[in-house]
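Order of appearance sets the numbers: ligands from 1, and atoms from 1 within every ligand. Numbers here are sequence positions counted from 1. The basis for the numbers below is simple: all heavy atoms, side chains too, and nothing from hydrogens, waters or symmetry mates. Treat the numbers as computed from the prediction; the structure is a model and nothing was measured.
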Amino acid sequence: MAFYLGLDSSTQSLTGLVLEVSGNAKQVVFRRSIEFDAEFPQYGTRTGVLPHDDPLVAASSPILWAEALDRFMQILGSESDFALTGLRAVSGAAQQHGSVYLNAGAAARLRELDPGRPLSVQVGPMLSRPDAPIWMDASTTAECAAITEALGGAAAVRELTGSSACERFTGPQIRKMHDREPAAYRATDRIHLVSSFLASLLTGRHAALDHGDASGMNLMDLGSRRWSEKALRATAPGLARRLPELVAPWSIVGRLAPYWTERHGLPPAKVVAWTGDNPSTAIGVGLVDAATVAVSLGTSDTVFGLLSGARTDPSGAGHVFVAPTGEPMALVCFRNGSLARERVRDACGLDWEGFSRALAETPAGNGGRVMLPWFEPEITPPVLAPGARRYGLDERDGRANVRAVVEGQMLAAARHTAWMGPRAGTIHATGGAARNREILQVVADVFEAEVRPVAAADAAALGAALRAWHADLLDEGEGIGWEEVVAGIARPAPGDVVRPIAAHVEIYRTMARAYAACESHALGEGPDPTPLLEAIRSEIAS
Ligand code: ADP
Ligand code: XUL
């Protein structure tokens with residue numbers, strides 16, 4: 001019997017779970033989630049983000065993430081009722097793109113982490129910048145333009161790194177820091193992603209970064225999976241020596257440092273490279289072939305799947321990352337996910353049950369009314385000026401707004417993922433909102449696919465535990481296929497399926513044209529869609 005710990009440091013919380021593996025049987029034997037805002041109010045975060053006057057800026061606190069990790073390990077050490085000595089390996093997933101800036105003293109401080117003092121007080125002195133920009137930041141449009149120009153245009157950046165230069169990606173964030181805070185940049189010895197920062201705390205040394213999370217930086221050559229000298233030059237001087245080593249996702253990057261063994265009674269388990277939450281979720285929902293895609297309805301909504309052939313998104317909104325299997329995966333991210341749904345829910349004074357009822361009792365297509373749900377600056381399509389746009393929709397009509405926010409989100413998701421290739425027949429759904437059947441019905445109807453909610457909650461943490469198991473076996477010289485890794489656990493519950501309703505599918509084919517016209521108009525790229533919407537209204541009414 002062996003145990004594997006998977007962690008997920010997401011925008012709003014840290015979740016960890018322990019997987020017990022005995023022969024072919026796997027089960028989760030321990031699970032705990034720690035909400036940042038509620039458990040650590042002293043940092044002043046709201047939904048995991050430090051308040052800022054500029055709506056385009058989003059940062060969080062690396063000390064908060066460290067304190068949450070320490071708290072989780074303390075709970076694991078004191079409350080778990082299985083033999084901790086059997087813990088063989090640990091891995092993790094983290095919100096992607098966010099960056100942590102460490103000074104030259106950090107390497108020694110990591111080596112000498114003192115088990116007698118809380119981690120949080122030991123992390124502060126390692127930082128060359130107190131906060132960490134995160135994936136919600138949209139303040140680097142100028143930096144993206146400069147990098148794009150230096151690399152020969154958007155298509156060239158995509159070919160090289162798998163994505164166009166994106167505001168939230170780490171390269172543009174580093175360039176901004178270099179240009180606007182030169183002293184802090186000079187004082188920076190190592191730049192980690194959230195994933196490799198937390199792995200460094202676990203191992204007590206600067207941990208390597210996996211190809212999967214490194215794909216979200218606009219700095220790695222996706223073909224060779226090395227840092228691209230060109231991209232580094234286009235970003236900031238002296239960057240190569242500030243970046244972690246790159247490794248394959250299944251690499252062992254160290255062992256739990258004495259801090260963890262002495263302070264919390266954990267064994268010196270192997271630490272497997274951490275990755276981004278989306279790549280890790282791919283394993284946690286059982287995406288091990290290109291026939292299935294996943295929809296993750298969390299703080300952000302993401303749609304992703306393994307790619308069968310090489311392609312990038314010509315529109316520039318989608319990304320190609322390296323999956324934990326080593327294959328390319330496509331991903332499109334929508335910032336206005338759960339928080340936008342919550343915004344509409346709260347404006348109508350509803351709970352989730354009432355939200356679901358409003359969805360169930362309003363007609364598919366919403367009588368031709370459209371919402372572009374850009375309450376916050378949006379990533380896909382890129383929108384910097386926040387504010388929902390409504391077409392034919394009265395803001396005071398609560399139930400129609402409930403349907404409009406979900407339909408707007410799913411019509412956008414279908415439109416902006418068409419580049420990924422032929423539509424999948426099955427969608428695996430995960431994330432907090434995947435427990436909402438009425439939302440999943442809209443996903444099924446718009447994507448014309450069967451939607452299967454993945455039974456296990458916490459897919460990113462589960463994916464991390466499964467990756468830890470896979471890497472441990474590989475390290476012991478026992479190869480194991482990915483099908484076998486996910487078998488029996490990272491799978492939709494048998495028989496639990498939401499099927500598309502034929503009449504709704506027809507309506508959404510029409511509404512896709514309505515959505516596209518509204519989006520083009522709102523982006524200043526198309527005419528007033530009112531005449532089209534009027535025609536569509538009578539089309540779907542008949
Ligand atoms: P994260 O991206 O932080 O990991 P989760 O995947 O845990 O987020 O999702 C959390 C979100 O799930 C909450 O912000 C909430 O809006 C949403 N949620 C929870 N329950 C429901 C429900 N019944 N219907 C719709 N959304 C829900
Ligand atoms: C993906 C992205 C988000 C974060 C959320 O590109 O920015 O999904 O990973 O944690």
Side-chain angles (χ1 to χ4, degrees), residues 7-15 33-37 45-49 58 60 65 93-99 133-138 162-164 166-170 173 193-195 212-213 215-218 275-282 284-285 294-304 313 317-321 329-346 350-359 378-380 402 405-406 409 429-443 453-454 456-463:
L7 294 154
D8 172 28
S9 183
S10 75
T11 315
Q12 304 192 50
S13 58
L14 175 85
T15 300
S33 202
I34 298 173
E35 294 283 333
F36 297 146
D37 296 1
T45 53
R46 293 182 58 193
T47 61
V49 187
S60 189
W65 299 330
Q95 53 173 311
Q96 298 194 250
H97 318 295
S99 42
I134 64 162
W135 66 275
M136 288 166 152
D137 190 281
S163 302
S164 305
C166 300
E167 276 81 356
R168 71 193 191 287
F169 275 39
T170 325
Q173 294 291 337
L193 294 193
V194 185
S195 60
D213 216 14
S215 322
M217 300 174 81
N218 287 135
T275 191
D277 50 5
N278 291 294
S280 197
T281 297
V285 300
V295 171
S296 172
L297 304 170
T299 305
S300 62
D301 286 349
T302 55
V303 181
F304 52 89
D313 179 4
H319 315 295
V320 181
F321 295 156
M329 65 181 265
L331 177 135
V332 182
C333 177
F334 302 87
R335 169 165 173 185
N336 283 283
S338 278
L339 300 181
R341 290 184 286 272
E342 278 175 29
R343 186 87 80 104
V344 174
R345 183 199 64 179
D346 295 345
L350 297 170
D351 54 12
W352 284 125
E353 217 174 288
F355 188 91
S356 296
R357 215 172 317 116
L359 269 178
E378 180 49 66
I379 290 170
T380 310
V402 167
V405 68
V406 176
Q409 290 175 323
T430 183
R435 62 179 71 109
N436 190 314
R437 311 296 290 194
E438 285 71 26
I439 293 178
L440 296 190
Q441 187 64 56
V442 180
V443 178
V454 176
D458 312 315
L462 177 64

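Counting the atoms of ligand 2 from 1 in the order shown, those under 4.0 Å from a heavy atom of Arg168 are 1 (C), 2 (C), 6 (O), 7 (O). Residue Thr302 has at least one heavy-atom neighbour below 4.0 Å for each of these atoms of ligand 2: 8 (O). Atoms of ligand 2 lying under 4.0 Å from any heavy atom of Gln95, numbered from 1 in the order shown and given with element: 10 (O). Within ligand 2, the atoms closer than 4.0 Å to a non-hydrogen atom of His97 are 1 (C), 2 (C), 6 (O), 7 (O), numbered from 1 in the order shown. For ligand 1, the atoms sitting less than 4.0 Å from at least one non-hydrogen atom of Ala433 are 12 (O), 25 (C), 26 (N), 27 (C), numbered in the order shown with element in parentheses. Within ligand 1, counting atoms from 1 as listed, the ones closer than 4.0 Å to a heavy atom of Gly431 are 6 (O).
For atom 24 (N) of ligand 1, the closest non-hydrogen atom on the protein side is Asn436 ND2, 3.0 Å. Considering only non-hydrogen protein atoms, atom 13 (C) of ligand 1 sits nearest to Glu342 OE2, 3.3 Å. Protein heavy atom closest to atom 2 (C) of ligand 2, with residue, atom name and distance, is Cys333 SG, 3.5 Å. Considering only non-hydrogen protein atoms, atom 10 (C) of ligand 1 sits nearest to Gly432 CA, 4.1 Å. Looking only at heavy atoms of the protein, atom 2 (O) of ligand 1 is closest to Thr299 N, 2.9 Å. Of the protein's non-hydrogen atoms, Ser10 OG, 3.5 Å is the one closest to atom 4 (O) of ligand 1. Closest protein heavy atom to atom 20 (N) of ligand 1: Arg435 NH1, 2.9 Å. At the shortest separation from atom 10 (O) of ligand 2 among protein heavy atoms lies Asp277 OD2, 2.4 Å. The nearest protein atom to atom 11 (C) of ligand 1, hydrogens excluded, is given as Ser338 OG, 3.5 Å; this is a heavy-atom distance.
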Report task. Carefully, step by step, assess Val194 and Trp135 under the rule side-chain contact (heavy atoms from CB on, under 4.5 Å). Result -> CA-CA 11 Å; Val194 185; Trp135 66 275; over 6 Å; no

Query raised in the report: side-chain contact (heavy atoms from CB on, under 4.5 Å) between Phe355 and Asp351: does it pass, once the steps are laid out?
Result: CA-CA 6 Å; Phe355 188 91; Asp351 54 12; over 6 Å; no

Query raised in the report: Going through the distances and angles, do Leu7 and Thr15 end up as a side-chain contact (heavy atoms from CB on, under 4.5 Å)?
Result: CA-CA 6 Å; Leu7 294 154; Thr15 300; over 6 Å; no

Query raised in the report: For Arg335 and Met136, what are the C-alpha separation, side-chain angles and deciding distance, and is it a side-chain contact (heavy atoms from CB on, under 4.5 Å)?
Result: CA-CA 7 Å; Arg335 169 165 173 185; Met136 288 166 152; 3.9 Å; yes

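In this structure a side-chain-to-backbone donor-acceptor pair under 3.5 Å is present from Ser215 to Gly212. Looking at Thr430, its side chain never comes within 3.5 Å of a backbone N or O of Ser296 through a donor-acceptor pair.
Here OG of Ser195 is found 8.5 Å from CD of Gln96. Values are rounded to the nearest 0.5 Å. The line from OG1 of Thr281 to CZ of Phe304 is 5.0 Å long, rounded to the nearest 0.5 Å.
Put simply, the residue from Gln173, Arg168, His97 that forms a side chain to side chain donor-acceptor pair (under 3.5 Å) with Asp137 is Gln173. Here the rule is side chain to side chain donor-acceptor pair (under 3.5 Å) with Arg341, and of Asn336, Asp301, Asn436 only Asp301 fits it.
Contacts between Asn278 and ligand 2 below 4.0 angstrom, taking non-hydrogen atoms only, involve the side chain exclusively. Contact annotation: for Arg341 versus ligand 1, there are no heavy atoms closer than 4.0 Å. Under 4.0 angstrom from ligand 2, there are no non-hydrogen atoms of Thr299.
Comparing Ala460, Ser300, Gly298 by heavy-atom distance to atom 8 (O) of ligand 2, the nearest is Ser300. Nearest-residue assignment for atom 23 (N) of ligand 1 (options Phe36, Phe355, Trp352; heavy-atom criterion): Trp352.
Residues Trp352 and Glu342 have side chains in contact (heavy-atom distance under 4.5 Å, counting atoms from C-beta outward).
Centroid-to-centroid, the aromatic rings of Phe169 and His319 come within less than 6.0 Å.
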